[in-house]
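Shown next, in structure tokens, is the structure this report addresses.
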Number of protein chains: 2
Amino acid sequence: MNSNSNLACDTCPVRESAACASLNDEERIKLSKIGRHKILKKGETLTAAGDENTVCATLVSGALKITSNDRDGTERILSLVHPAGFVGELFSPAVHHDVVALTESKLCVFSRPQYEEIIEGHPALALALLRRSADDLFDARSMMDLAGKRSADARVAGLIQAFARAASHSPCHSADTFDLPLTRGEMAGMLGLTIETISRKLGLLESDGLIKRQGARGIRISDHARLAELSD
Amino acid sequence: MNSNSNLACDTCPVRESAACASLNDEERIKLSKIGRHKILKKGETLTAAGDENTVCATLVSGALKITSNDRDGTERILSLVHPAGFVGELFSPAVHHDVVALTESKLCVFSRPQYEEIIEGHPALALALLRRSADDLFDARSMMDLAGKRSADARVAGLIQAFARAASHSPCHSADTFDLPLTRGEMAGMLGLTIETISRKLGLLESDGLIKRQGARGIRISDHARLAELSD
DNA sequence: CGAAAGGTTGAGTTCCGTCAAGTGTGGTGG
DNA sequence: CCACCACACTTGACGGAACTCAACCTTTCG
């Protein structure tokens with residue numbers, strides 16, 4: 001159990017952008033009373049499918065994946081969670097998906113029933129979560145769109161573009177040099193492909209001059225236009 | 001323009017289950033002032049990708065699909081909307097997906113900016129939408145899971161089970177005789193497959209004795225267990 | 001240094017998409 | 001009533017894209 005200390009909202013890096021930013025000081029103090037920090041190391045899980053649904057959380061730093069697993073053990077990534085993101089299935093008695101840390105991550109964890117009570121008493125929080133939820137829904141649909149592309153080329157190209165957009169912090173622009181945040185296996189899990197196919201397609205993208213690789217993870221996009229065309 | 005009359009909430013079939021059910025009479029009357037009914041015939045669109053985002057709506061009867069289109073014209077179905085469901089991308093300036101009627105549908109349409117104002121002033125509505133949004137997100141992830149299965153067999157089997165669950169009105173149980181609500185093309189669009197593959201897989205499921213078909217749309221599930229195993 | 005995990009590459013095979021032809025079926029109009 | 005058409009669906013043959021299996025390379029970490 002690696003939880004600890006009271007919450008230090010004052011120094012929280014996501015205090016302006018997370019759902020709790022909608023609360024005033026008094027309300028936030030109240031919320032902080034029922035929350036606690038938790039550190040997940042890379043690969044550790046917050047909740048697993050089948051668990052009783054007791055917690056929800058705001059991600060403070062790091063990154064999480066939300067996944068489900070086929071019987072044969074293949075992991076399917078349903079969503080990535082970035083700092084200020086909210087995780088947890090509100091209003092549901094059971095947990096349906098695994099939530100696992102991609103990198104060492106810091107969370108603000110709450111009891112789900114208590115959090116729901118607070119939501120009901122605090123309209124601003126409900127509204128903030130509604131906005132976040134609308135974004136999550138849009139992201140999920142974007143991912144469905146990506147994973148549903150016919151060819152593996154289009155999916156890989158689209159994923160690279162998505163990472164490039166996420167890597168640049170300005171929302172409309174996209175970085176042209178960045179590191180892939182996932183292993184080949186995780187990318188495969190997002191796109192419904194295999195590790196080998198990801199590896200081969202990245203090789204092809206490079207030999208076609210659309211990207212340049214530096215080591216296993218480093219990517220430089222050389223031809224945004226052709227990449228966009230491929231991914232359409 | 002097939003809009004009309006004031007809203008008749010009193011006789012609305014989804015008045016107990018839609019988001020607006022959370023409002024008291026006075027509030028609902030206020031909401032009904034800014035809404036109007038609209039009938040969409042099969043195939044007609046409510047909003048198209050690229051439009052300015054001006055409307056949102058509650059589905060009263062019928063069924064909708066939320067789709068995106070590849071450049072080559074392939075339609076990808078991102079979500080199905082059932083009565084009492086809410087459609088519209090709140091808090092977003094532009095529309096990203098098409099919303100099209102699968103069958104003749106009756107909607108309660110609102111101006112999105114006005115609706116957002118009302119949400120901000122009515123916590124119960126925000127909370128109701130948050131619950132609905134959480135459900136939508138779960139559905140979206142379930143569909144990602146389904147469409148991400150390795151084999152076409154698993155996807156088709158899973159889709160049939162999903163329809164069987166939707167056809168029985170009790171949420172935990174699943175019907176064993178029902179009609180497919182979609183054309184082969186639409187099923188293909190949901191699963192990222194082709195019409196021909198859907199057709200063939202249905203044929204195989206029948207010849208393997210898992211289902212029995214009556215005409216193009218009628219399905220009877222003969223072997224729930226093997227179907228579930230296939231779809232896992 | 002050795003082991004483990006992540007990544008690449010190759011050869012063979014299978015599954016699904018493509019193209020094409022053919023079978024209902026419901027609706028419209030002569 | 002039948003002829004015709006549009007649309008949804010089925011079926012077959014074929015080729016190619018992605019999966020599987022397997023070997024090997026690279027980096028990291030104990």
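- The pair A:Glu89-A:Arg112 does not count as a salt bridge, with every side-chain nitrogen at least 4.0 angstrom from each carboxylate oxygen.
- The nearest whole Å value for the distance from the NZ atom in A:Lys149 to the C1' atom in C:dG17 is 17 Å.
- The side chain of B:Thr197 approaches C:dG17 more closely than any other nucleotide in the set C:dT8, C:dG17, C:dA11.
- For A:Ile195, the side-chain atoms get nearest to C:dT8 when compared with the rest of C:dG17, C:dT8, D:dT10.
- When all heavy atoms of A:Val55 and A:Val109 are compared, the closest pair comes out as CB-CG1, 4.0 Å.
- In this entry the distance linking CG of A:Leu204 with C1' of C:dT9 reads 12 Å, nearest Å.
- Atom pair A:Asp153:CG and C:dG17:P shows a separation of 15 Å (rounding to whole Å applied).
- Going from atom NZ of B:Lys42 over to atom C1' of C:dG27 covers 13 Å, rounded to whole Å.
- D:dC9 atom P lies 8 Å from atom CD of B:Glu186, rounded to whole Å.
- Residue-level contact check: B:Arg213 touches the backbone only, with heavy atoms under 4.0 Å from sugar-phosphate atoms and none from bases.
- For the pair B:Met187 CE and C:dG17 C1', the computed distance is 18 Å after rounding to whole Å.
- Distances shown here put a side-chain N or O of A:Thr194 below 4.0 Å from the OP1 or OP2 atom of D:dC19.
- For the OP1/OP2 pair of C:dC16 and a distance below 4.0 Å, the side-chain nitrogens and oxygens of B:Lys201 include at least one atom meeting the criterion.
- With C:dG10, C:dC16, C:dT8 as the candidates, the nucleotide lying closest to the side chain of A:Ser199 is C:dT8.
- Residue A:Ser151 places its side chain closer to D:dA18 than to any other of C:dC16, D:dA18, D:dT11.
- Between the CG atom of B:Leu230 and the P atom of C:dC15 there is a distance of 13 Å, given to the nearest Å.
- Checking D:dC21, D:dA18, C:dT18 against the side-chain heavy atoms of B:Glu196 singles out C:dT18 as nearest.
- Within the 4.0 angstrom heavy-atom criterion, no nucleotide atom of any strand lies near A:Gly43.
- Closest non-hydrogen pair, B:Gly62 versus B:Ser105, comes out as CA-OG, 3.5 Å.
- One can find a donor-acceptor pair under 3.5 Å joining the base of D:dT20 and the side-chain atoms of A:Arg200.
- Taking the ring centroids of B:Tyr115 and B:Phe86, they lie under the 6.0 Å cut-off.
- Residue contacts for A:Ile198: at a heavy-atom cut-off of 4.0 Å it reaches no nucleic acid atom on any strand shown.
- Atoms CD1 and CG, on B:Ile198 and B:Leu193 in that order, are 5.0 Å from each other to the nearest 0.5 Å.
- The phosphate of C:dG17 (OP1 or OP2) has no side-chain N or O of A:Arg150 nearer than 4.0 angstrom.
- Pairing each heavy atom of A:Asp98 with each of A:Ala49, the nearest pair is OD1-N, 2.7 Å.
- In terms of polar N and O atoms assigned as donor or acceptor, the side chain of A:Arg217 never comes within less than 3.5 Å of the base of C:dG7 in a complementary pairing.
- Among the nucleotides C:dT8, D:dC9, C:dG17, the one closest to any side-chain atom of B:Thr183 is D:dC9.
- Rounded to a whole Å, the CZ atom of B:Arg184 is 13 Å from the C1' atom of D:dT11.
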